[in-house]
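Letters A, B, ... mirror the listed sequences (proteins, then strands); counts begin at 1. Treat the numbers as computed from the prediction; the structure is a model and nothing was measured.
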Amino acid sequence: MDRTIAELVRLRYVNLYCINIKCKRNMPELPEVETVRRGLQPVLEGQKLTSVVVRRSGLRIPFPKDFAKKLTGKTISHLTRRAKYILMHIEGGDVVIIHLGMSGHMTILAKNIPKPGKHDHVDFCTSNAVTVRFNDPRRFGLMTLTTEKGLETHKLLKNIGPDPLANNFNHITLADALVGRKVSIKVALLDQKTIAGLGNIYVSESLFRSGISPLRLAHSISGVEVEELTKCIREVLIEALDAGGSSLNDHVKPDGKLGYFQNNFKVYSKGDETCNRCLRARIKKIKQSGRSTFYCPICQS
DNA sequence: CTATCCACCTGGCGGC
DNA sequence: TGCCGCCAGGTGGATA
C-alpha cells in the first residue's frame, strides 16, 4: 500500500510515522533535512498550532522565552530550508528555526498519540489533530525564533554559504569560495560557509566520486577539478534526496513506518574494505580536524 | 582575518 | 552478563 503522508494523515491511517530515521549512518545532512521538510510540508502548511509543548529549557541553545506561547494559535504558512536548517514560517512574520543536530527527528502522530518518551522534547499540535513530535536524544539540535525581516541577518544563518542545489550555485561559486583556503579540501567542504549542507558523509562521497584526494589543499584544486567536484556534489546529494523521497512516497508500510534510506555509500564507513571502483585498494580511514575521512588512495589523487 | 580545538550529549559497541 | 570507556556527529565559541 503506497500512499502519501498527506493521504495517510487525512485518512487517519497513520499511527506512528517516522520521517527521519534513527539510522546510525544517516546523520541529517542536506538530503535528510530536505526529506524531513518535504514530509512535514503536507501536514503542517496552512494548519493552526493549537498547542506547542516544550518539555525542557533548551537543546543546544535555550528555547526563546515564551517560545510556546508565541506560537500557540498561530498558523503555519509554509516550510522552507536553508542549509541544514528547517524554517517554519508563521503567518504574521515569525519564523521558527529548527536544526536536527545529529540525532534529531520528527514523528507525525495522527491518532493514539503515545505518552512522550525520554527524549521527546517538543510537540507541535495542529488544528487537524496531528501532533508533530521532535525527538533528539543527543540534544545537538536546536529551535529558536526570528522574524522574516531578521532571517537574513540572523546569527545562525548569515555566514552560511551557497546551497549546492540552488540554481545560483555553480563551479565558479565554489572556486571562489576555495581561493586562498589553506585547509584541506575535506575540511573546506565541511565548513558551512564554503558550501551549505554538506556533512561528513557526503563530503567523503563527493570527493570519492570526483577522484580528488581529501588531503589536497583547497586552494590547489584546479578549475577543471572544481567543475567535476561541483557536478559530483550535486549528483551525490540528488541521489540521496531521491532515495529519501522514495522513502516518503513509496515505502509507506501498513503500520505507518517509513522505509529506510538506502545506504549506498561508496567509501563512508567502509574503512579497510576493498574499493568497489578500482577493486584493488582498500578504503582508508583517516582523521582530519578530528573528523573521520574515508577515501580510496588509488582512485583519489 | 583564518585556522584549530574543544564543549556539548547520549546510544552503541568493543574489550575485559 | 555487566560495566567501563571510547567514539560518532554538527556547530559555535574560545583560543592561537
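- Nearest-nucleotide positions on DNA chain B place A:K182 closer to the 5' end than the other of A:R139 and A:K182.
- Side-chain contact annotation: A:T173 with A:N170, donor-acceptor N/O pair under 3.5 Å present.
- Counting to the nearest Å, the C1' atom of B:dA3 and the CG atom of A:L189 are 16 Å from each other.
- With respect to A:L190, the side chain to side chain contact (heavy atoms under 4.5 Å, CB included) criterion is satisfied by exactly one of A:V183, A:L198, A:N200: A:N200.
- Applying the salt bridge (charged side-chain N to carboxylate O under 4.0 Å, His left out) test to A:D66 and every residue at least two apart in sequence or in another chain returns nothing.
- Dashed line: the shortest gap from a side-chain N or O of A:H119 to OP1 or OP2 of B:dC9 is not under 4.0 Å.
- Residue A:R56 places its CZ atom among more than 12 non-hydrogen atoms of other residues, nucleotides or ligands, all under 6.0 Å distant.
- Per the geometry, CG belonging to A:D136 stands 12 Å off C1' belonging to B:dC8, to the nearest Å.
- With no hydrogens or angles considered, a side-chain donor-acceptor pair links A:S222 and A:E225 at under 3.5 Å.
- When rounded to the nearest whole Å, the span between CG of A:N135 and C1' of B:dC9 equals 13 Å.
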Discussion item. One character per nucleotide, please: for nucleotides 8-16 of chain C, 5' to 3', B when the base has a protein heavy atom closer than 4.0 Å, S when only the sugar-phosphate does, - otherwise.
Written reply: BBBBSS---
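- The NZ atom of A:K193 sits 6 Å away from the P atom of B:dT2 (whole-angstrom rounding).
- The environment of NZ in A:K284 is sparse: at most 12 heavy-atom neighbours from other residues, nucleotides or ligands sit within 6.0 Å.
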